[in-house]
Amino acid sequence: MNAVRRQDGELWMEGVRLADVASRYGTPCYVYSRAAIEAAWRSFDDALAGTDHLVCYAVKANSNLAVLGILARLGSGFDIVSGGELARVQAAGGSAERVIFSGVGKTEAEIGAALAAGIRCFNVESEPELERLDAIAGAMGRRAPVSLRVNPDVDARTHPYISTGLKGNKFGIAHDRALAAYDLAAGLANLEVTGIDCHIGSQILDMAPLEEALERVVELAAAVAARGIPIRHIDLGGGLGIRYREEEEAIDIGRWCRAVVARLAGTGLSLVLEPGRAIVGNAGVLLSRVEYLKLDKSRRFAIVDASMSELIRPALYEAWHGIEPLATLGRPEADYDVVGPVCESSDVLGTDRRLAIAPGDGIAILSAGAYGMAMSSNYNSRPRPCEVMVDGSRAVQVRPRETIAALFAGEATLE
Ligand code: LLP
């Protein structure tokens, strides 16, 4: 579902005109569509109806409480990677029994909090983590449910910064050590082995590497079971890409889910998925305003009031986001590099964009619902933008713009 549409020259999200959101709440401002988030989550859940499954939204993609609350109400599970994310899920009304905890560096405090909350499963990424988890669970008088994240050594064919399934990176347990790690886990008194998982990367647009990983992990699950260690669930992580530009084709969610269900038939394994981007990516936009057109250089620059501090994806991954004016105002068209005010040459939101804009005009940076606000920073002492959730004809501010005072509250000067 595309969250925005142009109607009579203006951009709309559900029943709300985005230009109205920009004037009411100011820019830069993230805006999300409740209907688009719900539709994306349901496309997973509906395709898996009839199979024992849990869709665990990857909180890191967008952790605003309103997003988490909407998903909690649908019965979603959550994939977390920190104690902060666990606290957010609980604050949003998500249930701990539907939480799985991923990540290579879980601290003692984070493990303790997750055990106390009673989460569904720890996705363990190393042998030392198994030992730490066992010790903490023992001290708390609990048994920790664990799944081992194995590294299937599959090339996700995505940007190297967001590719995680190959041998040489820090994630998961190497495929050839997996059986030994399962033996270790099964021998630790305070652990209960429940599953196996993998996650090979993000923004994957080709189903082949996902299928390859599925195959390798299913085979490994059978080999683990053959050693007398029963495995109840398989977790295939997230990674399904979305369409950022016209010429891209996203993997059809229903098709992928049906392929997984077909492969798992007869294995007795239940299924967990951890989609992040596929649920929120195309459900959000970043609104901004043109400050200046700088035309005296060899390139034409549109300097806008959003930057790499609010949306770092173009600077970090050379990611492409659509950029469109909020209204069609009859301005002359020209090619621009759309850049922010931050003092870095990499502070670029889009290059060579044909746009009909003038100073003061509102623009939308599209497909910014995932890894936008969640990766924002205060670089250059820029307050974080506000966030708005559109729900039918309502636009509700779900996080106010950060104040300048909040930027350094808690800091101190020396006597
Ligand atoms: N599960 C695990 C263990 C993960 O590491 C991730 C993402 C996900 C699930 C969710 O993946 P998704 O469905 O969203 O692809 N900041 C980058 C993406 C980093 C992804 C990190 N891990 C970006 O903006 O493209």
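For ligands, and for the atoms within them, numbers begin at 1 and follow the listed sequence.
Assignment of Ala278 to the shell around ligand 1 is not supported, since no heavy atom sits closer than 4.0 Å. Put simply, part of Pro275 is less than 4.0 Å from ligand 1, judged by heavy atoms.
Some N or O of Gly239 is nearer than 3.5 Å to an N or O of ligand 1, by distance alone.
The pair Arg232-Glu192 counts as a salt bridge, with a side-chain nitrogen and a carboxylate oxygen less than 4.0 angstrom apart. Under the 4.0 Å criterion applied to side-chain N and carboxylate O atoms, Arg382 and Glu310 are assigned as salt-bridge partners.
Remark: side-chain polar atoms of Asp337 are paired, donor with acceptor, to backbone N or O of Asp352 under 3.5 angstrom. In this structure, Asp347 contributes its side chain and Met308 its backbone to a donor-acceptor pair below 3.5 Å.
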**Message:** Would Glu333 and Arg354 count as a salt bridge (Lys or Arg N to Asp or Glu O under 4.0 Å) here? Give the steps.
**Reply:** CA-CA 6 Å; Glu333 254 192 359; Arg354 187 130 202 102; 3.3 Å; yes
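Counting atoms of ligand 1 from 1 in the listed order, those under 4.0 Å from a heavy atom of Gly238 are 9 (C), 13 (O). In summary, the atoms of ligand 1 found under 4.0 Å from a heavy atom of Asp79, numbered by their order in the structure, are 1 (N), 2 (C), 9 (C). Close approach of ligand 1 to Gly276 is summarised as follows: ligand atoms under 4.0 Å from at least one heavy atom of the residue are 12 (P), 13 (O), 14 (O). Residue Arg277 has at least one heavy-atom neighbour below 4.0 Å for each of these atoms of ligand 1: 12 (P), 13 (O), 14 (O), 18 (C), 23 (C), 25 (O). Every atom of ligand 1 is numbered from 1 in the order shown, and the set under 4.0 Å from a heavy atom of Arg149 is 3 (C).
Paired with Tyr32 under the rule side chain to side chain contact (heavy atoms under 4.5 Å, CB included), one option of Ile70, Val388, Val390, Asn62 passes, and it is Asn62.
Considering only heavy atoms from C-beta on, Leu271 comes within 4.5 Å of Ile234 through its side chain.
Taking only non-hydrogen atoms, the option from Glu274, Gln203, Lys60, Glu125 nearest to atom 1 (N) of ligand 1 is Glu274.
Looking at Phe171 against ligand 1, nothing comes within 4.0 Å, counting heavy atoms.
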